[in-house]
**Q** 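First the structure, then my questions, so here it is.
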Amino acid sequence: MNFRLCFALMLGSLIGCSVESANNGGDVGENAVGSAKRIVADGSSTVGPITGLVGEMFEELHSDVEVPVTITGTGTGFGRFAAGEIDINDASRRIKDSEKAKCEEGNIEYVELMVAMDGISVVVNKDNDFIDSITVAQLKKMWEPDSTVKKWKDIDPTWPDEDIKLFGPGRESGTFDYFTKAINGEEGATRDDYSSSGDDNQLVTGVSGDKYALGYFGYGYYEMSKDKLKLLKVSSTDDPAAGVAPSPEVIQSGAYAPLARPVFIYVNKASLKRPEVAEFLTFYLGEGQEAIPKVGCVKMSAKDLEAANAALAEALK
Amino acid sequence: MKPSVPAFLRKGRTRKGSDKPHEKAIGFLLLLCALVSVGTTISIILVLVNDGIFNFVGEKAFFQQVSLKQFLFDSKWLPDSPEPRFGIWPLVNGTFMVSGIACMIGVPLGLCSAVYLSEYAGPAERSVLKPVLELLAGVPTVVYGYFGLVFVTPYVLKPLFETLLGFEVDTFNVASGGIVVGIMVTPMVASMSEDVLRSVPRSLRDASYALGGTQFDVSMRVVVPAALSGILASVLLAFARAIGETMAVTIACGTFRRIGVNPFESMQTMTGFIVDASFGEDDAQGIVVKSAFAVALSLFLITLTINVISQMILRRYREVYE
């Protein structure tokens, strides 16, 4: 074997490795807190796209700042937030007591800022022609723990004798927590035999590929895949006809009950002291709000926006 | 083409050169490189044991919190539920369904390719086919996964089994994952089987031709049986490869955990669960991550066993002709 060739090959592979690791570092944003001009966000798949686009808009105005946003679910994000790994956690629900305790343990102080509204959307396949509207009670029957519902006709005898294929987010998801609380009455209570995924796009793929599927996720993912899905009206009474289909107006006003909800970002107070973070948040609640409809999500009302800005101003004092 | 022999080899190999300092240094460097793989294997085993069986450092390991009995005999895998259950069988079921289908596809394809390459193909065909087969082995597995999800399921399985035969085919299903993994292991079966087929002594072929055998007779009744143990070993290795395959099955097979044999339903595999567990994690649910280590440990034991068996078979095969 030619040693020089051998050495060249080894060198080559070493370079290959280092390039690769540099790429990984860029994506994950590990250990980025405290390092200059990087605002690291993680968390909810519902809020992530908003923070991502606001971040891009901000990067365009401030070429020296990077805003890497990853999506791992609200719960996972709070874990990293409490460990001080990230500056901002995107959250599609409020922080839980157990997570508060973890933040205290890790000496992390934080500010909660409402950034937008979302309406958890219940969707079926676009070829589904037997259902337009569903009641909360029917959803509960479908999703409650140990539910015996297997076929559509188990809920309504006029519906077909076909298996319901259920798709929903996993337990790390804030959408999951909110949906189970609103529909099944207890956070985290759900039947366990359904296809779960932390990747909402996979849920979209699942529902759009099966005529008898039903799934739920943030409104933004419905907006992005409108042509592949059919949105159901949700009725909080027992009369399906009284159902309301989520739209920006009814989500903002709260009329899309009980599945309309505020979504938040949680910001590490230590990070707030960095001027670029403060500026980013001001931008988020100002011009950055334009990003929200672009990713299919829903702006909050003027009153809520004012309150959020006041909360930010208070934290920045 | 015969490679020219380097000068230092022509004189006959002695260990004299290794007394020189730079030779020693090179030897040491090379040893270091070789040790990296050994070190990695040992580290992996240590980590698996630490988080799976007994904690030397960190929080309690999986089997210190969950009994082996539950792991082996419970029928449900719900590690992140408020009332968690840890029965490994749904995941094992998914894994073996995928690997079984993969072997049903990959083994005949690979074996027939191997017989063609070794017995029928001339140099020209070989020079085209072999690189193409190897190219197949170089396609990233994530590409196979999407191929399964956006091509095999909607354009092969649904028209064939749903429209024509009336089975219900899910968007995410085991069959599509199995088929793409089967295509993935085809080159492996082909190249390993071809090696053993070609190492069957010429004299066996000549003898059977002399007895009036056709090319088919010679290939199928003499050469393949003679190489059978080597072929079996390649099949087992392909099976082990299919069991460990991750990305393609995560994408194509979905996340439904169930025990069953319907290939058109979604099933999560052991590897699929490990991906799932490392993606998202609920707060205070460290057990989910620990359970992934337990699954990884089981996976490791399964593939190790298969590798050992195939090594045994291969060694036996060598004894016949040497």
**Q** As an exercise: rank A:Asp199, A:Asp163, A:Thr205 by heavy-atom pairs under 4.5 Å with chain B and give me the winner.
**A**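 Heavy-atom pairs under 4.5 Å are most numerous for A:Thr205.
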**Q** Using a cut-off of under 4.5 Å for heavy-atom pairs, which of A:Ser196, A:Ser197, A:Gly198 has the most such pairs with chain B?
**A**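 Winner by heavy-atom pair count: A:Ser196.
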**Q** Above 12 or not: heavy atoms from other molecules or residues under 6.0 Å from OH of B:Tyr146?
**A**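 Not buried by this count: 12 neighbours or fewer within 6.0 Å.
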**Q** So what's closer than 4.5 Å to chain A heavy atoms on B:Ile251: side chain, backbone, both or neither?
**A**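 B:Ile251 touches chain A through backbone heavy atoms alone.
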**Q** Could you tell me whether the side chain of A:Asp192 reaches within less than 4.5 Å of the side chain of B:Lys76, counting heavy atoms only?
**A**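 Sidechains of A:Asp192 and B:Lys76: in contact.
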**Q** Does A:Asp146 have more than 12 heavy atoms from other residues, nucleotides or ligands lying within 6.0 Å of its CG?
**A**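 For A:Asp146, atom CG is not crowded (no more than 12 foreign heavy atoms under 6.0 Å).
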**Q** Can you measure from CZ (B:Arg257) to OG (A:Ser195) and round to the nearest 0.5 angstrom?
**A**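 Answer rounded to 0.5 Å: 10.0 Å.
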**Q** Is atom NZ of A:Lys230 surrounded by more than 12 heavy atoms (other residues, nucleotides or ligands) closer than 6.0 Å?
**A**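 More than 12 heavy atoms, drawn from other residues, nucleotides or ligands, come within 6.0 Å of this atom.
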**Q** Atom CH2 of residue position B:Trp89 - does it have more than 12 heavy atoms of other residues, nucleotides or ligands inside 6.0 Å?
**A**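 No, the 6.0 Å shell around CH2 holds no more than 12 heavy atoms from other groups.
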**Q** To the nearest 0.5 Å, what is the distance between CG (B:Asp276) and CD (A:Glu172)?
**A**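 Here the interatomic distance stands at 7.0 Å.
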**Q** Identify which part of A:Asp193 has an atom lying under 4.5 Å from any heavy atom of chain B, answering side chain, backbone, both or neither.
**A**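 Contact with chain B: backbone and side chain both.
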**Q** Looking only at non-hydrogen atoms, find the nearest pair between B:Asp170 and A:Asp210 and report the distance.
**A**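 Looking at all heavy atoms of both residues, the shortest contact is OD1-OD2, 3.7 Å.
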**Q** Working to the nearest 0.5 Å, report the span between OG1 of B:Thr250 and CD of A:Gln202.
**A**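 With rounding to 0.5 Å, OG1 (B:Thr250) is 8.5 Å from CD (A:Gln202).
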**Q** Does CD in B:Gln70 sit with more than 12 non-hydrogen atoms of other residues, nucleotides or ligands closer than 6.0 Å?
**A**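 Enclosed.
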**Q** More than 12 heavy atoms of other residues, nucleotides or ligands under 6.0 Å from CD of B:Gln64: is that the case?
**A**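 More than 12 heavy atoms, drawn from other residues, nucleotides or ligands, come within 6.0 Å of this atom.
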**Q** Side chain, backbone, both or neither: which part of A:Thr74 has an atom under 4.5 Å from a heavy atom of chain B?
**A**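 Answer is neither: A:Thr74 stays 4.5 Å or more from chain B.
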**Q** Determine whether more than 12 heavy atoms belonging to other residues, nucleotides or ligands lie under 6.0 Å from atom NZ of A:Lys153.
**A**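 No, not enclosed.
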**Q** From A:Lys211 NZ over to B:Glu168 CD, what is the distance, rounded to the nearest 0.5 angstrom?
**A**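 CD of B:Glu168 is found 11.0 Å from NZ of A:Lys211.
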**Q** Going by salt bridge (Lys or Arg N to Asp or Glu O under 4.0 Å), name the pairs with one or both residues in residues 151-163 of chain B, residues two or more places apart or in two chains.
**A**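 Residue pairs with at least one partner in residues 151-163 of chain B: there are none.
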